[in-house]
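The chain is numbered in sequence order, starting from 1.
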Amino acid sequence: MTATHNNTDEMLDQKSLLVVLTALHRGDFSMRMPNDLVGLSGKVADMLNQIMDMNERNTRDFERISHQVGKEGKIDSRFTTTNL
């Protein structure tokens, strides 16, 4: 789900930014900033979206490792690191 913004103004909408950051804080990685912003606003939106993607992948990896170690006893499982 993407936070809404005003198409006539390509500036970063602070309310949308707060909505996405709040979702991130709560562990909800389904929100994203609009991907059609330009300039500094676009860079901020893109970076936040990348952080959301990375956290979503890391959470899945932690869940996989937790299952493998806790349920299957595979203590040799490794966490896959991701870069921005």
Side-chain angles (χ1 to χ4, degrees):
M1 174 181 258
T2 301
T4 59
H5 75 287
N6 183 352
N7 285 333
T8 61
D9 182 9
E10 293 296 322
M11 296 299 294
L12 188 63
D13 176 27
Q14 290 182 350
K15 185 174 182 180
S16 294
L17 178 60
L18 180 59
V19 167
V20 174
L21 287 171
T22 301
L24 174 62
H25 178 72
R26 292 182 178 157
D28 175 4
F29 306 117
S30 66
M31 298 292 294
R32 295 293 187 274
M33 293 298 297
N35 61 3
D36 59 348
L37 298 175
V38 295
L40 183 58
S41 295
K43 288 180 180 182
V44 169
D46 289 346
M47 183 57 62
L48 181 54
N49 288 339
Q50 289 176 19
I51 291 169
M52 296 289 278
D53 290 340
M54 182 184 67
N55 278 307
E56 187 172 31
R57 285 189 309 269
N58 288 346
T59 297
R60 282 194 308 264
D61 212 17
F62 282 128
E63 289 170 352
R64 177 187 59 81
I65 290 170
S66 174
H67 175 76
Q68 288 179 340
V69 172
K71 303 289 185 200
E72 299 173 13
K74 295 181 180 178
I75 59 173
D76 60 343
S77 292
R78 305 225 187 261
F79 178 72
T80 305
T81 59
T82 57
N83 297 320
L84 286 179

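With hydrogens and angles ignored, the 3.5 Å screen pairs no side-chain donor or acceptor of Asp61 with any backbone N or O of Arg57. In this structure, Ser66 contributes its side chain and Phe62 its backbone to no donor-acceptor pair below 3.5 Å.
Linking Ile, Leu, Val, Met, Phe, Trp and Tyr whenever their side-chain heavy atoms come within less than 4.5 Å puts Leu40 and Ile51 in one cluster. A continuous path of ILVMFWY side-chain contacts below 4.5 Å connects Val44 to Leu37, so both sit in one hydrophobic cluster.
Applying the side-chain hydrogen bond (donor to acceptor under 3.5 Å, both in side chains) criterion to Asp53, with sequence neighbours excluded, gives Arg32. Listed by chain and number, the residues in a side-chain hydrogen bond (donor to acceptor under 3.5 Å, both in side chains) with Asp28 are Ser30 (sequence neighbours excluded).
The heavy-atom pair separating Ser16 from Met33 by the smallest distance is O-SD, 3.9 Å. Of all heavy-atom pairs spanning Pro34 and Asn49, the tightest one is O-ND2, 4.4 Å.
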Q: Starting from the C-alpha separation in whole Å, work towards a yes-or-no answer on side-chain contact (heavy atoms from CB on, under 4.5 Å) for Leu21 and Leu48.
A: CA-CA 8 Å; Leu21 287 171; Leu48 181 54; 3.8 Å; yes
Q: For Leu24 and Met52, run side-chain contact (heavy atoms from CB on, under 4.5 Å): C-alpha distance rounded to whole Å, both residues' side-chain angles, the deciding distance at 0.1 Å, then the answer.
A: CA-CA 7 Å; Leu24 174 62; Met52 296 289 278; 3.4 Å; yes
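For the atom pair CD of Gln14 and CG of Leu17, the computed distance is 7.5 Å after rounding to the nearest 0.5 Å.
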